[in-house]
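Here is the structure we will look at, set down as structure tokens.
We name chains A, B, ... by the order of the sequence lines, and we start the count at 1 in each one.
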4 protein chains.
Amino acid sequence: QHRARLVISCPDRPGIVAAVTSFLYEQGANIVESSQYSTDPEGGTFFLRIEFDTPMMATRKANIEKAFAPIAQTFQMNWRFRLHNDLQKLAIFVSKEEHCLLELLWEWQAGELLADIAVVISNHEYMRESVESIGIPYYFIPVTKEKKAEAEGKQLALLNEYKVDTIVLARYMQILSPEFVAQFPAKIINIHHSFLPAFVGARPYERAYERGVKLIGATSHYVTDDLDEGPIIEQDVARVDHRYHPEDLKRIGRIIEKTVLARALKWHLEDRVIIYQNKTIVFN
Amino acid sequence: QHRARLVISCPDRPGIVAAVTSFLYEQGANIVESSQYSTDPEGGTFFLRIEFDTPMMATRKANIEKAFAPIAQTFQMNWRFRLHNDLQKLAIFVSKEEHCLLELLWEWQAGELLADIAVVISNHEYMRESVESIGIPYYFIPVTKEKKAEAEGKQLALLNEYKVDTIVLARYMQILSPEFVAQFPAKIINIHHSFLPAFVGARPYERAYERGVKLIGATSHYVTDDLDEGPIIEQDVARVDHRYHPEDLKRIGRIIEKTVLARALKWHLEDRVIIYQNKTIVFN
Amino acid sequence: QHRARLVISCPDRPGIVAAVTSFLYEQGANIVESSQYSTDPEGGTFFLRIEFDTPMMATRKANIEKAFAPIAQTFQMNWRFRLHNDLQKLAIFVSKEEHCLLELLWEWQAGELLADIAVVISNHEYMRESVESIGIPYYFIPVTKEKKAEAEGKQLALLNEYKVDTIVLARYMQILSPEFVAQFPAKIINIHHSFLPAFVGARPYERAYERGVKLIGATSHYVTDDLDEGPIIEQDVARVDHRYHPEDLKRIGRIIEKTVLARALKWHLEDRVIIYQNKTIVFN
Amino acid sequence: QHRARLVISCPDRPGIVAAVTSFLYEQGANIVESSQYSTDPEGGTFFLRIEFDTPMMATRKANIEKAFAPIAQTFQMNWRFRLHNDLQKLAIFVSKEEHCLLELLWEWQAGELLADIAVVISNHEYMRESVESIGIPYYFIPVTKEKKAEAEGKQLALLNEYKVDTIVLARYMQILSPEFVAQFPAKIINIHHSFLPAFVGARPYERAYERGVKLIGATSHYVTDDLDEGPIIEQDVARVDHRYHPEDLKRIGRIIEKTVLARALKWHLEDRVIIYQNKTIVFN
């Protein structure tokens with residue numbers, strides 16, 4: 001309807017909030033939520049996210065952007081207006097483990113995931129029925145070491161075709177090539193099945209078991225070239241003890257994984273996550 | 001030094017944030033933290049807390065307040081500027097249980113409680129040494145049913161003498177009279193040893209034991225005439241099971257109580273807590 | 001396969017564990033898990049749950065029970081052997097809210113709910129397709145104030161027909177009559193959408209919102225004649241703040257509800273829950 | 001008084017619990033708590049901890065041990081009886097950070113730490129007054145790179161003199177030599193200020209800040225030759241966000257550190273922790 005949001009980052013200096021909120025007031029906007037953060041009031045970077053209501057926002061968006069441009073230039077802003085109803089198009093990548101995908105589909109059906117799930121891509125056939133039964137296209141693209149480039153080519157074509165904005169790796173167990181990742185900066189969200197930076201890489205639950213930790217966790221992060229080293233969006237943990245075998249850790253971990261991924265994705269879709277120097281500011 | 005904060009509540013309408021932040025900008029202030037909340041953009045109440053740095057704030061405060069008055073009037077604001085270094089004077093009331101008092105003293109000594117602990121008042125002699133050894137005055141005022149009014153009279157005299165801003169009931173096991181409470185609206189903070197509204201009143205741990213709950217909790221709230229019914233500032237819980245006797249619940253509960261009270265008090269001292277219709281808005 | 005469990009309660013006195021474990025040893029059993037609790041070593045009640053492996057348990061069960069009877073009599077035991085593979089038959093009652101049912105179905109399909117979901121009964125048609133599509137019978141039995149007895153008669157007939165052991169009220173929004181409840185002592189598990197004993201009764205999220213609590217919760221308990229007063233099996237909470245409206249509390253609460261109910265039900269199905277004086281001992 | 005405990009580990013095979021509990025029954029003991037764990041019923045290791053009451057236990061201990069020896073030999077047990085009132089002698093090592101030491105002292109004064117704090121040793125003078133004021137000897141032993149061996153010699157002499165059973169490193173910021181550690185196997189408990197295995201080594205809070213984690217933690221573990229690699233006893237975490245600087249992480253971390261260390265130490269003192277293959281079994 002009339003709701004939109006403005007997200008800004010710029011060098012910190014006095015007057016930013018005054019300039020932005022005065023502008024919005026002149027445009028007839030009523031601010032309903034506002035969050036800000038500065039890495040350092042002296043010479044740092046300033047981040048601002050404002051959610052506001054204003055009549056006819058959808059039709060006036062281009063004009064408002066045009067009017068805002070001079071202010072943005074004055075303050076050297078990176079900025080973006082987005083309509084609340086302008087849903088991002090998602091591609092969900094999945095392998096054999098289904099719990100994260102099912103959670104996202106369930107939340108989407110319940111109206112709690114404000115996105116358009118455009119396509120599900122998997123290196124297995126396993127989840128086809130669950131996905132297609134609710135009207136979402138499902139593509140099986142097998143990935144082998146030798147034909148990885150070819151597979152990624154097919155994936156890219158689909159992402160293009162469906163005009164995908166954000167890719168969710170919902171326990172997708174293939175490593176994407178640097179070339180692939182480079183095409184989607186800050187647009188690929190992964191769920192890693194450990195409390196990073198503990199247990200980077202493969203078989204984290206087995207290694208957690210070996211180490212004898214008393215809490216296990218999961219981490220949702222943006223994907224960068226460095227495996228499991230991208231900016232962390234959200235993490236959570238659950239308590240375990242000496243009686244838990246790796247299979248038990250996996251079972252408990254599934255609940256953490258799907259919850260953490262869903263939270264991270266929602267915040268991303270609402271433009272609540274800003275990347276800064278391999279860390280995230282999360283306005284939640 | 002140069003830091004101060006402005007806390008505002010007023011009827012919500014467009015332009016509030018623009019007006020306030022433009023004013024602060026003109027005063028040379030740099031906003032370092034800003035939080036806002038509206039109960040309803042249409043006809044609701046708007047709350048704003050801004051922390052800012054501005055040179056010479058201490059000496060300029062009166063002038064700034066004077067300059068702000070017309071804006072405040074326009075928007076029908078309740079408002080207050082407070083210097084970061086303008087510490088509130090605290091009175092801590094305590095009975096026999098010492099853990100909450102000790103926690104507050106420890107945090108105060110560690111420089112983490114930004115207040116001036118002016119006086120400790122108790123209906124027991126028990127804690128005198130711990131309090132006086134760090135240079136805080138300690139008053140023993142016994143309270144009996146018959147002489148309650150007399151005791152409260154002595155307490156009020158001390159609160160007056162020490163110019164106390166906020167009273168902390170750190171497991172003070174006497175009920176204050178309505179007349180006493182009426183003199184300190186939104187200025188008395190209690191810690192109740194249950195997860196309110198469960199187990200209002202006496203002996204909450206024994207009753208939690210009887211009911212067989214699987215989590216116990218503590219609640220810090222402002223004191224009003226209705227026992228344990230005042231606005232809740234903070235709550236927390238801990239897990240228990242069938243093996244725990246009331247004594248165990250009390251032991252575990254002590255950790256929750258002192259932690260919850262300390263958090264609530266800090267937020268109160270930093271003007272992060274606003275009361276609205278027997279609930280609190282907490283900007284933390 | 002060869003796994004079984006023995007659950008005992010009896011007056012506490014020396015020698016119980018020695019007698020039971022010696023008996024199991026003579027039967028060739030290897031104990032894999034053992035939990036015990038005494039309300040009071042002097043004159044209290046003793047509870048014991050032992051999980052063990054022994055070859056041919058399924059065929060030998062009757063003989064083992066016969067051999068155990070004299071020991072049980074000596075110590076005045078309530079006792080039961082149950083084979084690990086002897087699954088309980090469940091009836092799930094549901095109204096309009098689907099999340100608890102879906103969670104149970106999902107866990108059941110994932111092989112994590114060791115039970116036989118015999119039938120789903122609802123006072124709405126809403127969930128029929130989800131249930132029937134995985135091969136579970138679904139019965140729509142409308143309930144009105146006037147025809148409640150008739151509806152319960154139909155329900156009882158189904159419970160009889162399907163030989164149901166345990167009834168799960170997965171957000172079933174009708175109150176069962178005392179007559180109905182009396183037929184299933186310690187066999188009906190409910191999920192209440194509050195942190196009991198706070199917000200007993202209707203509309204707990206709305207009341208939690210009104211009271212301004214900082215944590216919301218859910219409670220799974222056995223159903224007795226007293227509404228929401230039965231023995232608590234499990235509880236959990238989640239943090240909320242002033243920004244959450246009742247709708248938000250419900251959304252967050254759904255995750256707690258389904259998690260708490262699933263945990264409580266699993267423990268019940270594994271005979272880990274023992275009722276004693278309106279409280280539960282949970283050996284988990 | 002009459003309470004004692006027996007802790008056993010041995011190769012798993014049928015009949016262990018029967019043999020042990022029959023023996024205790026014959027000795028007139030009433031079991032008040034029993035915990036057991038097997039790494040694998042087939043060829044694994046079995047662990048058992050039994051707490052029991054028996055009249056005159058203190059005077060009969062030697063006789064009971066003698067009578068138990070044949071059973072222990074039959075099952076190849078590692079075993080130990082310990083009287084509930086037979087308190088371990090503790091040495092607490094501390095550097096400049098005081099919170100962990102203060103917590104232990106506070107719990108000890110409150111009667112919740114069942115140990116005899118024999119001596120506090122520090123490489124600073126800082127905490128002398130707090131320690132001596134409650135009657136515990138305090139030794140200042142400066143540690144420099146060059147004179148580390150000499151310092152450890154002095155420390156060992158004190159540990160000898162005070163007949164110390166367990167050493168607690170309560171944020172002691174010196175690394176103990178392998179020779180020192182070798183003299184106290186499974187008897188030195190450390191608190192590491194991170195959620196291990198994340199941030200092994202120095203400056204964990206700074207590194208947690210750099211990595212942008214959303215939870216920070218602390219880990220209590222037994223000290224072995226490998227830095228921060230010993231068996232983990234207990235861990236916990238707290239939530240943080242982008243606004244927290246390293247100083248804030250340290251402040252929050254202090255609460256986790258002291259809580260986790262106190263829990264781990266209590267379990268150790270009650271013989272609830274058993275080390276097995278660089279992991280711990282914790283019967284709590």
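Neither the backbone nor the side chain of D:Glu26 has a heavy atom closer than 4.5 Å to any heavy atom of chain C. For a residue to count as touching a neighbouring chain, one of its non-hydrogen atoms must lie under 4.5 Å from one of that chain's; by this rule C:Ala19 does not touch chain D. For C:Ser38, no part lies near chain D; criterion is any non-hydrogen pair under 4.5 Å. Of the atoms belonging to C:Asp40, not a single heavy atom falls under 4.5 Å from chain D.
Under the side-chain contact (heavy atoms from CB on, under 4.5 Å) test applied with D:Gln88, the options D:Lys187, D:Glu270, D:Arg82 reduce to a single match, D:Arg82.
The pair D:Glu97-D:Lys250 does not meet the salt-bridge criterion, since no charged nitrogen lies less than 4.0 angstrom from a carboxylate oxygen.
Aromatic rings of D:Phe47 and D:Phe283 (six-membered ring for Trp) have centroids beyond the 6.0 Å cut-off, not under it. Residues C:Tyr222 and C:His268 place their aromatic rings such that the two centres sit under 6.0 Å apart.
The shortest side-chain heavy-atom distance between C:Ile50 and C:Thr21 falls under the 4.5 Å cut-off.
For the options C:Leu24, C:Val32, C:Ile31, heavy-atom pairs under 4.5 Å to chain D are most numerous at C:Ile31.
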